[in-house]
Amino acid sequence: MNQNNRGTGAPGHVYLVGAGPGDPGLITVRGKQVLQKADVVLYDHLANPELLAFAPGKAERIDVGKERGHPKLSQHEIENILLERASRGLTVVRLKGGDPFVFGRGGEEGMTLQNAGIPFTVIPGVTSVTAAPAYAGIPVSHRDTNSRIVIMTGHDDPDSLDSLALDSLTLPNQTLVILMGVEYFRKLARKLLSHKMPPETPVMMIRWGTTASQETREGTLGTMEEILSRQPIRPPALVVVGKVAGNEYRLNWQDNLPLFRKRILLTRETGTQDSLSEALTSEGAEVIHCPAIEIGLPESYSEIDRALESLHEYGWILFLSPNGVRYFMRRLSDTGKDIRTLSSNRIFAMGPATHRALSEFGINPDGEPLESHGNGVLEFFRSQPVQNEPVLLIRGDRGDRLIPDGLREMGRVVTTVRCYVNRVPTLPDYLRDRITMHLEEKSLDLLVFYSPSAFENLMSLFPERADDIRRIPSLAIGPTTQAALRKDGVLTVLVPKEPTEKAVEKMILDYFHESDC
Ligand code: SAH
């Protein structure tokens, strides 16, 4: 159900959900499950927006912590939205960075719901208190040295700490984790030093921990102030103070992840279900999904229906994309036919993905190009013994003329059927904002395009950022896409050896390996 009133009069349900510290993989299984059934999601700026893709497309997404452009909603306004949506019978997810009750005002929101008699569930999250240090290689406790952990927020004035409080903060065997206060930390550090905490106590400051934007500053209680004035750090950041923050205890596990701190934008229409994205994430990358293509039905079936009636006239049926296969087969079935109708045709698959799509329908293609691009297709047909059999070309509405023109030059009769249309999608606001931010901050390391239209569409989605897009290294799935990117002025274009998932992954790993050397 969407934003409408369910009409039952019964209140809905609110889930106070921890979004985890930034890495979208660190949401809990329960958290993901409730997102999948949300009617409304209220999220703040520490919750990774990638998680919003788990919510149904129609769910209302409310950015309550917008930092850019719009002022933040007040706590009171947020709680009012929770009450109002829930009282309409909706399922509301309140997605909060880290854990909802670790300095997240989740307690206040829960109390408001409780007082209003709205049923709610709390789903704790992985807090940045432990996760940001863990990703930066710091175990927050250690049996040998740090047997206590103190979590502090930088809201209170360090000058208000009395000597009893300072005694408890300067104990040698503990880890201090300080949230929300770069400025606060400077003051606190001075206070701790004046209270005889050893200046050599290790300190690490971590910004945007667990994400591709992770930044750290390392020093000691004595040196950190100077380090921060030379290399300032902006929020959100936390500070770890204690022996565990020192080199001696450092776990450099992220060095084993070749794509750590790389942010890669995938433009395929597969969204978060993308298997490449899983592989890249396992290698340590942060992946953003921006489906730059929306595939839809053609306005009319007349072209495809005409072809389906006269299939026996064609020697070859050429499938140029997996979508072509799926939309063609769907119409075949909708018109009461099935694969037996194709028994007299020879079937050609443009590349491995198209081959796989045909296999799903029990078809083993009779021909495939040696190299999966337009010229590869033409070479295949040039080498065929019979040169004049008519060809049926199955594709979308945005293919170029290379293949039909080339085949006609060979003397073949070519009929092109546009089985699907390829549109520029409307991006949800959260995704548009997020990508605009990364384009402005120049914090995308690679863009991946599977077709010229994915590139063209991305350019038309962000026209004011076209030059920024051209400057980002891009991977093109094959020569046709490569040519389109080059022509438009993209500076660095990588092309995998073949258009397979494995080859794409390898190309990306090799590229970053070389560029980091
Ligand atoms: N509920 C959150 C904390 C909210 S308070 C949690 O459990 O993590 C907000 C503060 O948390 C920020 O100012 C910053 O100090 C810290 N923080 C949150 N996410 C962080 C991250 N990814 N890296 C570093 N600090 C983070």
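Side-chain atoms are counted along with the backbone in the values below, which use heavy atoms only and exclude waters and symmetry mates. As the structure lists them, so they are numbered: ligands from 1, and atoms in each ligand from 1.
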K.L.:
Under 3.5 Å between any N/O of Asp99 and any N/O of ligand 1: does that happen in this structure?
P.N.:
yes

K.L.:
Does some non-hydrogen atom of Gly209 fall short of 4.0 Å from ligand 1?
P.N.:
yes

K.L.:
What is the distance from atom OG of Ser128 to atom CE of Met180, rounded to the nearest 0.5 Å?
P.N.:
9.0 Å

K.L.:
Taking both backbone and side-chain atoms of Val102, is any N or O found less than 3.5 Å from an N or O belonging to ligand 1?
P.N.:
yes

K.L.:
Any N or O of Pro21 that comes nearer than 3.5 Å to an N or O of ligand 1?
P.N.:
yes

K.L.:
For ligand 1, which atoms, with element, lie under 4.0 Å from some heavy atom of Ile206?
P.N.:
24 (C)

K.L.:
Are any of the N/O atoms on Thr210, whether in the backbone or the side chain, positioned under 3.5 angstrom from an N/O atom of ligand 1?
P.N.:
no

K.L.:
Please, which pairs that meet ring-ring contact (aromatic ring centres under 6.0 Å, His included) have at least one residue in residues 484-517, sequence neighbours excluded?
P.N.:
none

K.L.:
Please verify whether a non-hydrogen atom of Ala237 lies at under 4.0 Å from ligand 1.
P.N.:
yes

K.L.:
Run the numbers for me: atoms of ligand 1, each under 4.0 Å from some heavy atom of Ser128, listed by number.
P.N.:
6 (C), 7 (O), 8 (O), 11 (O), 16 (C), 17 (N), 18 (C), 19 (N), 20 (C), 26 (C)

K.L.:
Tell me: protein heavy atom nearest atom 4 (C) of ligand 1, and distance?
P.N.:
Phe103 O, 3.5 Å

K.L.:
Before giving the answer on salt bridge (charged side-chain N to carboxylate O under 4.0 Å, His left out), spell out for Asp468 and Arg471 the whole-Å C-alpha distance, their side-chain angles and the decisive distance to 0.1 Å.
P.N.:
CA-CA 5 Å; Asp468 295 316; Arg471 269 187 227 113; 3.5 Å; yes

K.L.:
Distance to 0.1 Å, residue and atom name: give those for the protein heavy atom nearest to atom 13 (O) of ligand 1.
P.N.:
Met180 CG, 3.1 Å

K.L.:
From the options Leu447, Thr267, Thr481, Leu485, select the one residue that forms a side chain to side chain contact (heavy atoms under 4.5 Å, CB included) with Phe455.
P.N.:
Leu485

K.L.:
Looking only at heavy atoms, which two atoms of Ile118 and Ala86 are closest? And how far apart?
P.N.:
CG2-CB, 3.6 Å

K.L.:
Going by the salt bridge (Lys or Arg N to Asp or Glu O under 4.0 Å) test, name the single residue among Arg261, Lys262, Arg434 that passes it with Glu286.
P.N.:
Arg434

K.L.:
So if I count the atoms of ligand 1 from 1 in the order they appear, which ones are less than 4.0 Å from some heavy atom of Trp208?
P.N.:
22 (N), 23 (N), 24 (C)

K.L.:
Using a 4.0 Å cut-off to any heavy atom of Leu179, which atoms of ligand 1 qualify?
P.N.:
3 (C), 11 (O), 15 (O), 16 (C)

K.L.:
Salt bridge check: are Glu183 and Lys187 linked by an N-O gap of less than 4.0 Å?
P.N.:
no

K.L.:
Any ion pair linking Glu248 and Lys243 (charged N to carboxylate O, less than 4.0 Å)?
P.N.:
no

K.L.:
State, to 0.1 Å, how close Ile293 and Ser451 come at their nearest heavy-atom pair, and which atoms those are.
P.N.:
CD1-OG, 3.4 Å

K.L.:
Are any of the N/O atoms in Ile178 less than 3.5 Å from those in ligand 1?
P.N.:
no

K.L.:
Can you find an N or O of Leu46 that's nearer than 3.5 Å to an N or O of ligand 1?
P.N.:
no

K.L.:
What pairs with Arg326 under side-chain hydrogen bond (donor to acceptor under 3.5 Å, both in side chains), at least two apart in sequence or on another chain?
P.N.:
none

K.L.:
Does any N or O of ligand 1 fall below 3.5 Å from an N or O anywhere on Gly97, backbone included?
P.N.:
yes

